[in-house]
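Each remark here refers to the structure printed beneath this line.
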Amino acid sequence: MKKYIALVLALVCVLGLAGCSDKNVTFDIGTANKINIKSGLTGDEVNIADNEFIQSITENINSLRFEKTSKVNGKVGYAYMLTWFDTEDNQIARITITEENGYQISHDGYYYKVGADLCIDTELIDEMLNIALSSAPAPAPAE
């Protein structure tokens, strides 16, 4: 009888782990040298190489748990697109933050909803985008 109970418990644990690994996702962004931020709301785009900012955004995204919700069909509008690059300017990761159903991530053809009681710090992203734009040199006048 004890062997039967142990077998059932082992089976429940294995099935439970398999279910969790399929639904909950974290994004391993790694170490980046530069981040590109593009606003889908305004079309503004900046590259930021400030390590403190990159770390803040990366930690915010990495601290969240995401649940895969549905497949993306067709083109998707977005609030922000974040792309991380390494020291050789190779893309490490790209995520798109959409406003559908509250803020969620669009990544590799799927939507990922942020776990309960957590949020993507879009105010920080917007603030850094505005700071970078205000410190950028003015475009040359047209001739």
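We number each residue from 1, following the sequence as shown.
The CE atom of M81 lies 12.5 Å from the CD1 atom of I37; values are rounded to the nearest 0.5 Å. Distance check: I35 CD1 to M128 CE gives 10.0 Å after rounding to the nearest 0.5 Å. Between atom OG of residue S70 and atom OH of residue Y110 there is a gap of 9.5 Å, rounded to the nearest 0.5 Å. Within the model, atoms CD1 of I105 and CG of L64 stand 8.0 Å from one another, a figure rounded to the nearest 0.5 Å. Annotation: the span from T42 atom OG1 to L133 atom CG amounts to 7.0 Å, rounded to 0.5 Å. Here the OG1 atom belonging to T83 is positioned 11.0 Å from the CD1 atom belonging to I92, to the nearest 0.5 angstrom.
The aromatic rings of F66 and Y112 sit perpendicular to each other, their planes meeting at more than 60°, with 30° as the lower class boundary.
The side-chain hydrogen bond (donor to acceptor under 3.5 Å, both in side chains) check on N36 picks up E45, N47, with sequence neighbours excluded.
With hydrophobic clusters built from ILVMFWY side chains whose heavy atoms lie under 4.5 angstrom apart, Y78 does not share a cluster with L41. Residue I95 is not grouped with residue F85 when hydrophobic side chains (ILVMFWY) are merged at heavy-atom distances under 4.5 angstrom, including chains of intermediate members.
Checking side-chain atoms of N130 against main-chain N and O of D126 turns up a donor-acceptor pair under 3.5 Å.
Looking only at side-chain heavy atoms (C-beta outward), N60 and L124 stay at 4.5 Å or farther from each other. For the pair I97 and I125, the minimum side-chain heavy-atom distance is below 4.5 Å.
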Inset, instruction - Show the numbers, then the answer: is there a side chain to side chain contact (heavy atoms under 4.5 Å, CB included) between V72 and Y111? - result: CA-CA 6 Å; V72 175; Y111 287 118; 3.9 Å; yes
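N51 and A32 get closest at one heavy-atom pair: OD1-O, 4.5 Å.
The number of heavy atoms from other shown groups lying within 6.0 Å of NZ (K38) does not exceed 12.
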